[in-house]
Amino acid sequence: MMSKHFFSDTTALLGRSLRHIARSPDTIITTTIMPIAMMLMFVYVFGGAINTGSDSYVNYMLPGILLITVASGIAYTAFRLFLDMKGGIFERFQSMPIARSSVLWAHVLTSLVANLISLVVVVLVALLMGFRTAAGAGAWLAVAGILILFTLALTWIAVIPGLSAKSVEGASAFSYPLIFLPFLSSAFVPTDTMPGPVRAFAEHQPVTSIVNAVRDLFTQQPVGADLWIALAWCAGILIVAYLFAMNTYRRKIS
């Protein structure tokens, strides 16, 4: 009975959030502009000067651009949550007989849908720029699974500042370090070209393993430990962020 109540409430609130997105498609447009601009700049300005050992630089860098797309998109989750908190929507929902956690899950699923749309747009632009892959349906599904898990992990991180920030700027500013993180990874250049301390950090942070796993799937290379490390990072971040977010939410509505 409780699970049916939760799912129906989440579905109703998800519909509300998606209608807001449909009325303001500029959110998705803004989310895709920055990664597409980066892709254009790196491929057509810096690409010729970067030796990655790959025939096509757009093929090499696309996995990192996809992660930047997600990191850019989740800022809007925090922004929308902040507006709902300040607008008294949460208090209104508390007075109604709905599952309390469904409010957060509706925002999280909205983020997932919006980010998937943005990712599809970025991949289409990459195809126009020369991105090619012989990856089969299984590889594409694996890539989609990794990106969905990564999006959920980062979205639950976004929930925390969305609930606790004091200003609109503070709610979305947390995403800047996440957008910057791929630049200190294997996303744009091989890590063996980096100075010692930077290389050590780059090789042991989550983005590198995720980028390497996605790149191997696209290029049909044997996927080794990077896939399992990437999944472990995503799952670990997701669990920790979810627990912190729910704890923050309970404190806010108590």
Side-chain angles (χ1 to χ4, degrees), residues 28 31-32 35-36 38-39 42-43 52-74 77 105 108-158 178-179 181-192 202-242:
I28 292 174
T31 301
T32 57
I36 288 172
M38 283 186 182
M39 191 159 55
F42 273 90
V43 170
T52 61
S54 172
D55 292 335
S56 170
Y57 187 57
V58 68
N59 283 8
Y60 183 88
M61 70 175 300
L62 181 60
I65 291 293
L66 295 177
L67 300 195
I68 288 176
T69 303
V70 174
S72 173
I74 55 151
T77 302
W105 273 105
V108 169
L109 293 175
T110 300
S111 171
L112 182 60
V113 172
N115 275 292
L116 287 176
I117 294 170
S118 297
L119 288 168
V120 169
V121 172
V122 171
V123 169
L124 290 175
V125 173
L127 287 168
L128 292 174
M129 293 172 62
F131 170 70
R132 296 294 180 267
T133 175
W140 275 103
L141 286 173
V143 169
I146 293 171
L147 292 175
I148 287 170
L149 195 58
F150 181 74
T151 302
L152 287 172
L154 262 60
T155 298
W156 279 107
I157 293 177
L178 298 177
I179 293 170
L181 203 55
F183 292 96
L184 295 175
S185 74
S186 63
F188 299 103
V189 296
T191 55
D192 56 18
E203 290 181 347
H204 295 90
Q205 59 118 322
V207 169
T208 291
S209 57
I210 297 169
V211 163
N212 290 346
V214 172
R215 188 178 289 139
D216 287 342
L217 288 164
F218 277 149
T219 56
Q220 296 184 298
Q221 297 297 315
V223 180
D226 278 322
L227 176 61
W228 303 111
I229 295 171
L231 293 174
W233 269 114
C234 289
I237 294 169
L238 173 58
I239 292 167
V240 172
Y242 173 79

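Worth saying up front: this structure is predicted, and the values here are computed from it rather than measured. Note that these values count all heavy atoms, side chains included, but never hydrogens, waters or copies made by symmetry.
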Test log, rule ring pair (Phe, Tyr, Trp, His ring centres under 6.0 Å), inputs Phe218 and Trp140: CA-CA 8 Å; Phe218 277 149; Trp140 275 103; 5.0 Å; yes
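- Of the inter-residue distances, the one linking Ile74 atom CD1 with Leu178 atom CG reads 5.0 Å to the nearest 0.5 angstrom.
- Summarising the geometry, atom CZ belonging to Phe42 is positioned 7.0 Å from atom CD1 belonging to Ile65; distances are rounded to the nearest 0.5 Å.
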Check against side-chain hydrogen bond (donor to acceptor under 3.5 Å, both in side chains), Asn115 and Thr151: CA-CA 8 Å; Asn115 275 292; Thr151 302; 5.4 Å; no
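- In the model, Asp226 has no side-chain atom that pairs as donor or acceptor with a side-chain atom of Ser209 under 3.5 Å.
- Counting only heavy atoms from C-beta outward, the side chains of Thr155 and Leu112 never approach each other to under 4.5 Å.
- For the pair Val143 and Ile146, the minimum side-chain heavy-atom distance is 4.5 Å or more.
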Worked verdict on Glu203 versus Thr208 for side-chain hydrogen bond (donor to acceptor under 3.5 Å, both in side chains): CA-CA 6 Å; Glu203 290 181 347; Thr208 291; over 6 Å; no
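- Using the six-membered ring where Trp is involved, Trp156 and Trp105 have ring planes that are perpendicular, over 60° apart on the 30 and 60° scheme.
- To the nearest 0.5 Å, atoms CG (Leu152) and CD1 (Ile157) are separated by 11.5 Å.
- Taking 4.5 Å as the limit, every side-chain heavy atom of Thr219 sits out of range of all side-chain heavy atoms of Asn59.
- Rounded to the nearest 0.5 Å, atoms CG (Leu124) and CZ (Phe131) are 11.0 Å apart.
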